[in-house]
Amino acid sequence: MTSYFADNEDLKYYVERGIEWEPIVTLAENGFRQSDGFATLDEALEAYRSALELVGEFSATRIAPRVPEIAHAPIRLEGGEVVFPPALDAIFAQVRELGLAGMCLPRELGGMNLPMLLHYATGEMFARADASVMSHHGFHGGIALAMLFLSTMEGTTQYDRDSGRLVRTRFEAQIREIASGRAWGSMDMTEPGAGSDLGAITTRAAQDASGAWHVSGEKIFITSGHGKYHFVLARSEPQGGLAGLSLFLVPAWEQENGRRVRRVTLERLENKLGHHASATVALGFERAPAELVGERGQGFRQMLLLMNSGRLSVAFESLGVCEAAYRMARDHAASRVTMGRTLERHELIADRLDEMRSDIEGIRALAIAGAWHHELAHRSRLAEHHLARDAGEARRLGATAKQHQRAARQLTPLAKYLGAEKAVEITRHAIQLHGGCGYLREQGVEKLLRDSVLMPIYEGTSQIQALMATKDALGAAPWTLARRLARARWQQVSARDALARRVAYIESLSLGAQQHLQRRVTRDRLRRVVDGPAVEWLAALRAGPDPRHDFAPALLHAERLTRLLADAAVASTLQAQAARHPERRDVLARYLDRAEPRARHLHDVITTSGERLLRELAARARVQRSRT
Ligand SMILES: Cc1cc2nc3c(=O)[nH]c(=O)nc-3n(C[C@H](O)[C@H](O)[C@H](O)COP(=O)(O)OP(=O)(O)OC[C@H]3O[C@@H](n4cnc5c(N)ncnc54)[C@H](O)[C@@H]3O)c2cc1C
C-alpha cells in the first residue's frame, strides 16, 4: 500500500530515533496518571506510529488521487455560501470518520490527545498530497487548540491538578463541535489597508449598553473563512496602532427555527493562482455579535502567540510541497533519456536533485526542532500554572518553559522563511527538470509551483519573518555575541571532528555578520545622538535604539542574515543528530557542502555592501522631512 510515511526515510528517522519523545509524552499524559490515557512511553509511541501510518496511507491513496478532480470542479460561492466539489466533500467526510479533526485535542473533549508534533508531521503528508487540503484541515483542530490555549491563558479553562484532566472550559461546546469534524474556524486579521502592518486595522469592536460586544468592518483573504468560528482582530481601544487591538470570537451564524442566519457575510470568494482546495474569502461584519477573548488591548499579543503555531504549520506545509516536487523531479529524471543517458546521470541534473534533497532534509531538521521546542514550551507553561503540585515543581517547569520558548522563538521564523522560500525554488526547478511537459497542466508539477507561491506570503511574509529573526538575533548583548564568536572560531580550528569544525565555521560566519550589523547600528545611533543637542545626549542614549532610524543597515540585509541564521541553525541541529546517530553524518556532510560556500557569500555581501543605498534612502528621507 502506498504511504507517504512508509516511503519517507528522513521523516521516519525523526519518529523512530530523532525526536526525543519522552518529555513531550510525559507532559501530554501528565506523568501517565490518566486512567484513559497511555500507561507507558512505548504504548504512546506505538499509537503515534499508527496515527502516522494511517495519515500516510490516507494522504497517498485518498487525497492525492482526487487532486485532478478538484482542479476541474472548483469551489463555488452560491447563495452566499461556499460549496465544495464532491471530491473535497469526500475527503473531509473521511477526515471526520477517522477522527483526525480532534487529533490533538484533549480526550475529555472528544479528541485523541496526541502531541502537536504529530499534527505538524501529518500536516507534511497532507500537504504532499495537496497543500490546500492540508491548510483547510489545519483550520479545524488548530482553531479548537487556539480556543483552549486562549481560554487557559485568561483563566477560563481549569484542570485537575492530580489527574491532569481538563475539568471545564469556556469553549467546551465549540471545541466538541470541531473535534467531531462538524465545524471549523478562521483567523481574521487582514484588511484592504492592513496586511503586514496590522497596526493599521480599522475593523471596530464596540460594546452596547448591556456590555455586549459587536464587530463591524471588512476582512479579506481569509483562509477557510466560510467556517463557523472566527477569531477577529479588531480595534476596541482609543489608542492607535497595535495597542488598540483586542481579540474576539465571532460566530458566523446562528440557527433560528432550523434556519442559518448569517451574522458574518461572505462577500467574495477570492480568485487565486493556486491553493484551490481551500476557500479564501472576503468577509463583511455589520454589528456581528462577538465575545471578547482575554484582556482588552492584548489582541495583537494573543494573535502573535497563535501565529507562531501557524508559521510552523506553513513550514511543514512547504515541506510537503517540496517533497512532492522533489519526488516528481527525481522520478522523471530516472526515466527520461536525453543524449544517450537518463537525466539523473547528467551531472548538472544530478547536482540539482542532490541539492533539493539536502534542502528538504535541512527544512525538516529546522521545522521539527522548532515544533519540538514550541510544544515543550507550551506544555511546560500549562503544567507550571495548572498541574504543578508545589512551588518547587512550578519553578522548575517555568524555567523549562522559558528555555524552550526562547529556542522556539528563534527557530520558528527561520523554519517558516526557509521552508517557504525553498518551496518556490524547488517547485520551479522541478518544472524545469520536466522540460516542456513541466509547463503543461496534465503533468501536475506546475500546480505545485502555483501552490508554493503562497507560502512566503501568508502567516507573515518572508520579509516579516526576516525582520523578526534579525531583530531577535541583533538583540543579543554585544559581549554575548563576542563571546559566542570567539568560541565558534576556537571550535573552527580545534574541534577533533572535521564536521564539527565545518559547522563552527558556518556559525562564526553567521556571528561575524551579526556583529558587523550590530556595530553598524550602534555607530549610526551614536551619530544620531551626537547630531542632536548636547543636553539631550544622555537621555537619547538611555532611551535605547529607535527602530525607525537605527536599524536601517540591519533591515537592508535582513533576508540575507536570515538565510545565514537558518544555515547555521540547520548545521548545528544536524550536528547534534550526527553526534547521537552516526548514520546522520552523511546528511550533515551533504548539507555542509552546500551551506559553506553560501554562508561565505552571504557574509561577504552583508559586511561589504549596502552603503550606497542607505545613503540614498537617508537623503530621500531628509528631503521628505524638509517638505513636511
Ligand atoms: C491565499 C491567502 C490566504 C490568506 N489567509 C489569511 C488568513 O487566513 N487570515 C488573514 O488574516 N490573512 C490571510 N492572508 C493574508 C496574508 O497574511 C497577507 O496577504 C500578508 O500578511 C501580506 O499582507 P499584504 O497582502 O497586505 O501585503 P503588504 O503588507 O502590503 O506587503 C507587500 C510586500 O511588502 C513587504 N513588506 C511589507 N512591510 C514591509 C517591511 N516593513 N519591510 C520589508 N518588507 C515589507 C511584504 O513582505 C510583501 O512582500 C492570506 C493571503 C492569501 C493570499
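Whatever order the structure lists them in is the order used to number ligands and atoms, beginning at 1.
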Lys/Arg N to Asp/Glu carboxylate O, Glu124 vs Arg364, below 4.0 Å: yes
Partner set under side chain to side chain contact (heavy atoms under 4.5 Å, CB included) for Thr265, not counting sequence neighbours: Glu267
Lys/Arg N to Asp/Glu carboxylate O, Glu69 vs Arg66, below 4.0 Å: no
Arg450 and Glu446 ion-paired at < 4.0 Å: yes
His140 and Phe92 aromatic ring geometry - parallel, tilted or perpendicular at 30°/60° bounds: parallel
Minimum heavy-atom distance between Val133 and Ile91, given as atom pair plus value: CG1-CG2, 4.1 Å
List, for ligand 1, each N/O atom that has a protein N/O partner under 3.5 Å away, with both atom names and the distance.
{"residue": "ligand 1", "atom": "5 (N)", "partner": "Phe221", "partner atom": "O", "Å": "2.8"}
{"residue": "ligand 1", "atom": "5 (N)", "partner": "Thr223", "partner atom": "OG1", "Å": "2.7"}
{"residue": "ligand 1", "atom": "8 (O)", "partner": "Thr223", "partner atom": "N", "Å": "3.0"}
{"residue": "ligand 1", "atom": "8 (O)", "partner": "Thr223", "partner atom": "OG1", "Å": "3.3"}
{"residue": "ligand 1", "atom": "9 (N)", "partner": "Met187", "partner atom": "O", "Å": "2.8"}
{"residue": "ligand 1", "atom": "11 (O)", "partner": "Met187", "partner atom": "O", "Å": "3.4"}
{"residue": "ligand 1", "atom": "11 (O)", "partner": "Met189", "partner atom": "N", "Å": "2.9"}
{"residue": "ligand 1", "atom": "11 (O)", "partner": "Thr190", "partner atom": "N", "Å": "2.9"}
{"residue": "ligand 1", "atom": "11 (O)", "partner": "Thr190", "partner atom": "OG1", "Å": "3.1"}
{"residue": "ligand 1", "atom": "12 (N)", "partner": "Thr190", "partner atom": "OG1", "Å": "2.6"}
{"residue": "ligand 1", "atom": "14 (N)", "partner": "Phe221", "partner atom": "O", "Å": "3.3"}
{"residue": "ligand 1", "atom": "23 (O)", "partner": "Ser196", "partner atom": "N", "Å": "3.3"}
{"residue": "ligand 1", "atom": "29 (O)", "partner": "Ser196", "partner atom": "N", "Å": "3.0"}
{"residue": "ligand 1", "atom": "29 (O)", "partner": "Ser196", "partner atom": "OG", "Å": "2.7"}
{"residue": "ligand 1", "atom": "47 (O)", "partner": "Thr461", "partner atom": "OG1", "Å": "2.6"}
{"residue": "ligand 1", "atom": "47 (O)", "partner": "Gln463", "partner atom": "OE1", "Å": "2.7"}
{"residue": "ligand 1", "atom": "49 (O)", "partner": "Gln463", "partner atom": "OE1", "Å": "3.2"}

